[in-house]
Amino acid sequence: MMIRLTLSLLMFGGTVANAVDVPTIKNAAAAQSTAEPILYKVGAGGITFMTPKADAELVLGSPVGDTGKVVSYYKNGMWVVWNDEDPNVAYSMGIESGYGGELALPAPYNAVRIGGLLKAAFTEMDPLALTFLREIYRFYEGGAPDYDCVGENTCMARRTPDGYNVLATPKMNLIIKDGVLFRIVLKS
């Protein structure tokens, strides 16, 4: 139950990870992982969803906090939910403030990092950014130019009571507050 609450807080605007005391990055590999691109269906921070936890920590450094053996928080602005069975690989990855790598987006958006502006996606006629969500879906999942992931229930957008916009595709959630990218959650 505690893990589910922690993940809900992290995915929808909580500050659990911000409570961790983050020391200076001393490991060169961990410092480099902060700038690695965010790759849909693949991973972030220089690790993939197939990278075993022990190998991932050679890249990310030792966790600066955790909830036991399942969720680990790293210095580079990432948290990882680990599969607690063999193989011990990532189930999901969260990218937060402090992470410098970019996520590629379809034109005209190009690429964005945490803290980047996505205000152009939200208009008076499209306050949930459904057009943007459809473009992201087609960019990453493919399909016909007129495929409607919202209408087909393969993607969704919602606004949380505390004002976060959550744009969800099968393998990624974008959490946006006031037109600014707040958090990315990649799913295996």
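Taking all atoms of both residues into account, the shortest heavy-atom contact from L167 to A129 is CD1-CB, 4.4 Å. Nearest heavy atoms, N173 versus A168: OD1-CB, 3.2 Å.
Contacts of R113 classified as salt bridge (Lys or Arg N to Asp or Glu O under 4.0 Å), with partners at least two apart in sequence or in another chain: E102. Take D178 and apply the side chain to side chain donor-acceptor pair (under 3.5 Å) test, not counting sequence neighbours, and it matches no residue. Scored by the side chain to side chain contact (heavy atoms under 4.5 Å, CB included) test, T48 finds V42, M50, T51 as partners (sequence neighbours excluded). Legend: residues meeting side chain to side chain contact (heavy atoms under 4.5 Å, CB included) with P170, ordered by chain and number and at least two apart, are Y40, Y137, E141. Scored by the side chain to side chain donor-acceptor pair (under 3.5 Å) test, T154 finds Y147 as partners (sequence neighbours excluded). Residues that satisfy the side chain to side chain donor-acceptor pair (under 3.5 Å) test with D84, not counting sequence neighbours, are absent from this structure. With sequence neighbours excluded, the residues satisfying side chain to side chain donor-acceptor pair (under 3.5 Å) with R134 are D148.
Judged by distance alone, with hydrogens and angles left aside, the side-chain atoms of K187 form a donor-acceptor pair with the main-chain N or O of T169 at under 3.5 Å.
Side-chain contact between I47 and M93 is present, with heavy atoms from C-beta onward closer than 4.5 Å. In this structure, the side chains of L103 and L174 come closer than 4.5 Å at one or more pairs of heavy atoms. Taking 4.5 Å as the limit, some side-chain heavy atom of I38 sits within range of a side-chain heavy atom of I184. Counting heavy atoms from C-beta on, the side chains of P63 and E57 come closer than 4.5 Å.
Taken together through direct or relayed side-chain contacts under 4.5 Å among Ile, Leu, Val, Met, Phe, Trp and Tyr, L60 and V89 form parts of separate hydrophobic clusters. Hydrophobic clustering keeps L130 apart from M156 (ILVMFWY residues linked when any side-chain heavy atoms are closer than 4.5 Å, directly or through intermediates). Hydrophobic clustering (ILVMFWY, side-chain heavy atoms < 4.5 Å, transitive): F49 and Y74 are in one cluster.
Annotation: disulfide bond (SG atoms under 2.5 Å apart) contacts involving residues 54-96, sequence neighbours excluded, are absent. Sorted by first and then second residue, the disulfide bond (SG atoms under 2.5 Å apart) pairs with a member in residues 80-188 read C149-C155; sequence neighbours excluded. Applying the disulfide bond (SG atoms under 2.5 Å apart) rule to pairs touching residues 42-142 yields nothing, sequence neighbours excluded. Judged as a disulfide bond (SG atoms under 2.5 Å apart), not a single pair has a partner in residues 85-131 (not counting sequence neighbours). The list of ring pair (Phe, Tyr, Trp, His ring centres under 6.0 Å) pairs with a residue in residues 94-126, not counting sequence neighbours, reads Y109-F132.
Environment of NZ in K119: sparse, with no more than 12 heavy atoms of neighbouring residues, nucleotides or ligands closer than 6.0 Å.
Note: W82 CH2 to Y91 OH = 14.5 Å, rounded to the nearest 0.5 Å. To the nearest 0.5 Å, atom CG of residue L186 and atom NZ of residue K41 are 12.5 Å apart. The structure places CG of L105 at 5.5 Å from OH of Y140, a figure rounded to the nearest 0.5 Å. Remark: L118 CG to I176 CD1 distance equals 5.0 Å, nearest 0.5 Å. Atoms CG and CZ, from L133 and R138 in turn, are 9.5 Å apart once rounded to the nearest 0.5 Å.
Under the side chain to side chain contact (heavy atoms under 4.5 Å, CB included) test applied with W79, the options T67, V64, V185 reduce to a single match, V185. Exactly one residue among L117, I114, I175 makes a side chain to side chain contact (heavy atoms under 4.5 Å, CB included) with L181. That residue is I114.
For the residue pair D126 / T131, a side-chain donor-acceptor distance below 3.5 Å is found, with atom types taken as modelled. A donor-acceptor pair shorter than 3.5 Å cannot be found between the side chains of N83 and K53.
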